[in-house]
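For this chain, numbers begin at 1 and follow the sequence in order. Remember, it's a predicted structure, so these values are computed and weren't measured experimentally.
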Amino acid sequence: MAGLVIGMAAAALLVAYLAFGWPVLVVGGPLFVGIVATVLVVALTERPRRALRDRRSGVTPDSPWRTAAERGEIPSAGLMSGFFEISPQTSVAPMGAQVPMQAGPSRPARPAGV
């Protein structure tokens, strides 16, 4: 596919050169170099992207994105085991509910300066 794109760009540059002469190369030459560079970068980065996509999809057996059960691990053992467990919380009265008054201190406060 990359060869097809570069070939079409080269053919377009050749047709423009034959139709309009050498001034086309002033604009068409840098555009052709840009197309070749872009296609080269895309072709070089596609292989790592494909490998990452395969690992994430779980096609490979050592995929870290597979669940612990799929890997045969015990669900309660591991680095983050228990991290997401919710601790018991005291219930909070809803907004506008009557909350009973709390009792004051059992002994009076000390006077200042004593």
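A search for side-chain hydrogen bond (donor to acceptor under 3.5 Å, both in side chains) contacts involving R49 returns E46, not counting sequence neighbours.
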For a quick test of your reading: what N or O donor-acceptor pairs under 3.5 Å do the side chains of residues 11-38 make, sequence neighbours left out?
| unit_1 | atom_1 | unit_2 | atom_2 | d |
| --- | --- | --- | --- | --- |
| T38 | OG1 | G34 | O | 2.8 |

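The other residues sharing a hydrophobic cluster with M8 are M1, L4, where clustering joins ILVMFWY side chains under 4.5 Å apart.
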